[in-house]
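For reference, the structure is listed below as structure tokens.
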Amino acid sequence: MDEIRLKIKRQDGPDELPYWEEFAVPYGPKMNVVMCLQAIQNDPVTVEGLPTTPVVWECSCLEEVCGSCTMIVNGKVRQSCSALVDQLEQPITLEPMTKFPVVRDLRVDRSKMFEALKEAGAWVTVDGYFDLGPGPRMAPADQQKAYHFSRCMVCGCCCEACPQYNSRSPFMGAFVMGQAFMFNTHPIGALEKEKRLDALMGVGGLGDCSNAQNCEKACPKNIPLTEAIARLGWDTTIHMIRKFLR
Amino acid sequence: MAKPRIIVVGGGLSGLMSALKAAEKGADVSIFSVVPVRRSHSVCAQGGINAALNTKGEGDSVEAHTYDTVYGGDFLAHQSVVKKMCVAAPGLIYMFDRMGVMFNRTKEGLLDLRLFGGVKKRRTCFSGATTGQQLMYALDEQIRRHEAAGAVRKFENFEFASLMIDGEGVCRGITATDKDTMETRAFAADAVIMCTGGFNHVYGTCTNSTHCTGYAATEVYKRGAFFANPEFVQFHPTAIPGTDKCRLISEAARGEGGRVWVPRDGKPWYFLEEWYPAYGNTVPRDIAARAIWKVVKEMKLGVDGEDIVYLDLTHLDHEALAERLEGILELYEKFVGDDPRKVPMKVFPAVHYSMGGIWVDGDHRTSMKGLFAAGECDYQYHGANRLGANSLLSAIYSGTVAGPAAVEYAKGLTKTADALPASLLEEEKGRQDDINKKFIGMDGPENPHLLKQELSKWLTDHATIVRFNKNLKELDAKISEIKERFARSKISDTGGFANDEIFFMRTLENQFDLARLIVLGALGREESRGSHYKPETPKRDDEKWLCVTKCEYSPEGPKFDYSEKVEILDIKPVARRYDVAH
């Protein structure tokens, strides 16, 4: 193999119509999809030999910790930096995620994910940014469990894979459940547990999850999202009964 | 009186910490970031963050942390600021613990500590092998809380373009470009804090994220702020070699017992353990990187004759590895395809961290009034070589200093941002629009992306671990030649929407100035110290060179000044050795 063939879905702007272009870039060992896009950037010519504009996409860390370069590679949503060419069938098709508005080419606007984190109160409310002495102790087992959730990059894979997550539905996304669960686990975060449960009982919360469980399979960090959803379901039920009895 | 208006450029750890502290002191804060802040380069820091918590019965102390940092930096760091940082460290860790960072715990539920390079005591708090990511997320969440309350504004996907400077040379705000609409706007402020990270991408392949280009730091230098110590660039000894990026394998791997070796006479040769018996595999990065260089380049003992050494974890307990190093094991497995629990990892040194940067004083004021800098883009704390797990600390600590200092400065202003003449904003915006127009119109024969590759290759070949004066001179001439060719290059996208090529062109233009700073800084410093090693002058020379390399921009090239002596308090410079305990 001396060249890599790619088929890329392009779109010049948010209101433009998408179109496909094919490219061939020189093969190198251990190449990933980002490197193919960089090669196109260096020499933006289609497979027909026609000059075109470089493909626009987001990337940053190139080691799957920032979540920037998420896109659909051969039909599967994932980070393109860790999509190794040797493991992919060709032509490699690249498409932008479908659950978020396209900005240009493979770049999408995921800001609604960050807005959802605001809705859910996904933070620990601290008194201030100064030294108040040591925080609470925590069992290593609890830390290990919560740590899995703390690796969420807010990349959007769980949203892309979810049948309930789309522009017509208010569902906030499985990642929000993971984050809410994590903050509810933390000794100080738990002080605002009820506030978060209230948010998750509202519009776009747990009630809008259809339990398809695609989220966990799509998560690049194997975050146990379905477990978080199940636990939060139980917690909200108890919370509701408590509220009723109050 | 209206709230002081503070602009923070950069949304990594130092930027968000500056912003939170400034907001806490009553400022109206706007954060500008080239990426959604959660995706900043701080997420790439793996191994941990140092603080003398002394919970291992090893008698650790703030004094020991200060000493190790100064000694590890080969005595080039100003000592009072290092001490202040080390004093603050435990309180900062506790603060992050309260914010919900999932630090690893001991059986008693305390924060666990591990060993890192250049120290003898366990001092590094960690969250698996993704500590930077966890700290970054904690601040991202806190900023979101402030945003929800209306106290902080974020401008994400905005590229910093330039500073807005009034007739008296005072910084009065910035211009920035929306990466989607490509509209450049001027934003007035009472003070600006630069938190724009390291500049290592000028070398091309390195451990950094793609946006760590040094554009912003170079831009403020070109507008008059002093730069300092550009010649001190850190090589991390253990990264996975690559052509798009060298992916970092944390020093924590060695802190947890990983061993570095190459095959010699059919047997593993643990050269770090042999050469540095007191510290072994956890010697500081400059020492480890040079040792690997010697073994591979001079003794020709690289694995299979290649630029490779082994980093071996195969003898370590799998459960402990999973709890403490999972992130890097996954990374290696994903990108290389081998399981590091079963086969030794193949690694080599790579450009990793810029010790040098924008010159600042102890309060993180730059040489320009109204302009502050914090984090990797400044030059404080690390001297000639940074110790592992001190970068997360300095990023955060410097933010806690710069934020309040900027507010204090702003409160003392008689002329505030609201009173600035509209012409000042319009002029600077106009200047930036003209620059963008110039780039859009470029239609020459040269390909700028290939020129960038050429620049990076030359830098990597001649301004890295071992530096020769002859090569540096040749390199400087080459930079000027490539820069001239750049003037005859062609932009590959002339569109007016989400055009990344314009930012690429602007960045490359500044990288020529940045590259010259590094090269001429290295050429000028006639000694070897920390990461800066010249075989022609292989010894440290405290008599002549215990001073800051201070650089001032001029169109003809940087002007260097060496009159600022390094501040020495209690820690007198001694020979720096790691073969014996100090």
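Residue numbers begin at 1 in each chain, while the letters A, B, ... track the order of the sequences. Just so it is clear, the structure is predicted and the values come from calculations on it, not from any experiment.
Residue B/N104 touches chain A through both its backbone and its side chain, counting heavy-atom pairs closer than 4.5 Å. The parts of A/T125 that come within reach of chain B are both its backbone and its side chain, each placing non-hydrogen atoms under 4.5 angstrom from that chain. For B/H201, no part lies under 4.5 angstrom from a heavy atom of chain A. Within the 4.5 angstrom heavy-atom criterion, only backbone atoms of B/T106 (N, CA, C, O) approach chain A. Both the backbone and the side chain of B/E108 come within less than 4.5 Å of a heavy atom of chain A. Contact of B/F96 with chain A is not made at all, since no heavy-atom distance falls under 4.5 Å. Looking at A/M153, both its backbone and its side chain come within 4.5 Å of chain B, counting heavy atoms on both sides. Contact of A/E63 with chain B is made through backbone and side chain together, with heavy-atom distances under 4.5 Å. B/H211 touches chain A through its side chain: at least one heavy atom from C-beta onward sits under 4.5 Å away, while N, CA, C and O do not. In this structure, chain A has a heavy atom under 4.5 Å from the side chain of B/L331, while its backbone stays farther away. If you measure heavy-atom distances from A/L84 to chain B, the contacts under 4.5 Å come from the side chain alone. With a threshold of 4.5 angstrom between heavy atoms, B/K107 approaches chain A through N, CA, C or O but not through any side-chain atom. Contacts between A/A146 and chain B at a heavy-atom distance below 4.5 Å involve backbone atoms as well as side-chain atoms. Interface residue B/D180: backbone and side-chain heavy atoms are both found under 4.5 Å from chain A. Of the two parts of A/K118, the backbone and the side chain both hold a non-hydrogen atom closer than 4.5 Å to a non-hydrogen atom of chain B. Looking at A/M138, both its backbone and its side chain come within 4.5 Å of chain B, counting heavy atoms on both sides. Of the atoms belonging to B/M17, it is side-chain heavy atoms, and not backbone ones, that fall under 4.5 Å from chain A. Residue B/K21 touches chain A through its side chain alone, counting heavy-atom pairs closer than 4.5 Å. Contact annotation for A/F149: neither backbone nor side-chain heavy atoms come within less than 4.5 Å of a heavy atom of chain B. Proximity to chain A (any heavy atom under 4.5 Å) is restricted, for B/Y137, to the side chain, taken from C-beta onward. Proximity to chain B (any heavy atom under 4.5 Å) is shown, for A/Q87, by neither the backbone nor the side chain.
In this structure, B/R38 contributes its side chain and A/G67 its backbone to no donor-acceptor pair below 3.5 Å. B/E24 places a side-chain N or O within 3.5 Å of a backbone atom of A/Y129 that can act as its donor or acceptor partner. Put simply, the side chain of B/R39 gets close to the backbone of A/V154: a donor and an acceptor are under 3.5 Å apart. Between the B/T210 side chain and the A/C59 main chain, a donor and an acceptor come within less than 3.5 Å of each other.
The shortest side-chain heavy-atom distance between B/D97 and A/P134 does not fall under the 4.5 Å cut-off. Proximity of B/E501 to A/Q41: side-chain heavy atoms (C-beta onward) are separated by under 4.5 Å at one or more points. Side-chain atoms of B/E323 and A/Q143, non-hydrogen and from C-beta on, never get closer than 4.5 Å to each other. You'll find the side chain of B/E326 reaches within 4.5 Å of the side chain of A/Y147, heavy atoms only. Proximity of B/K179 to A/R104: side-chain heavy atoms (C-beta onward) are nowhere separated by under 4.5 Å. Proximity of B/E141 to A/V124: side-chain heavy atoms (C-beta onward) are nowhere separated by under 4.5 Å. Proximity of B/P36 to A/R110: side-chain heavy atoms (C-beta onward) are nowhere separated by under 4.5 Å. When side chains are defined from C-beta on, B/M95 does not count as touching A/V126, because their heavy atoms never get closer than 4.5 Å.
More than 12 heavy atoms of other residues, nucleotides or ligands sit less than 6.0 Å from atom NZ of A/K99. The number of heavy-atom neighbours closer than 6.0 Å to CD of A/E89, taken from other residues, nucleotides and ligands shown, is 12 or below.
Heavy-atom pairs under 4.5 Å with chain A were tallied for B/L110, B/V101, B/I93, B/N447; the largest tally goes to B/L110. Between chain B and the residues A/Q38, A/E115, A/E64, the most heavy-atom pairs under 4.5 angstrom are made by A/E64. Counting heavy-atom pairs closer than 4.5 Å to chain B, the top residue among A/T185, A/L62, A/V103, A/I188 is A/L62. Note: A/P54 leads A/P54, A/A139, A/G28 in heavy-atom pairs under 4.5 Å with chain B. Across B/E147, B/Q142, B/R145, the residue that shares the most heavy-atom pairs under 4.5 angstrom with chain A is B/R145.
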- Query: Does the side-chain contact (heavy atoms from CB on, under 4.5 Å) test come out yes or no for A/M182 and B/M102, once each step is laid out?
  - Reply: CA-CA 10 Å; A/M182 179 182 80; B/M102 290 298 166; 4.3 Å; yes
- Hey, mind stepping through A/N32 and B/D244 against side chain to side chain donor-acceptor pair (under 3.5 Å) and telling me if it holds? CA-CA 9 Å; A/N32 56 47; B/D244 55 337; 2.9 Å; yes
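Checked for salt-bridge contact, A/D142 and B/R105 miss the test: no charged N lies under 4.0 Å from a carboxylate O.
With values rounded to the nearest 0.5 angstrom, B/R247 atom CZ is found 6.5 Å from A/C81 atom SG.
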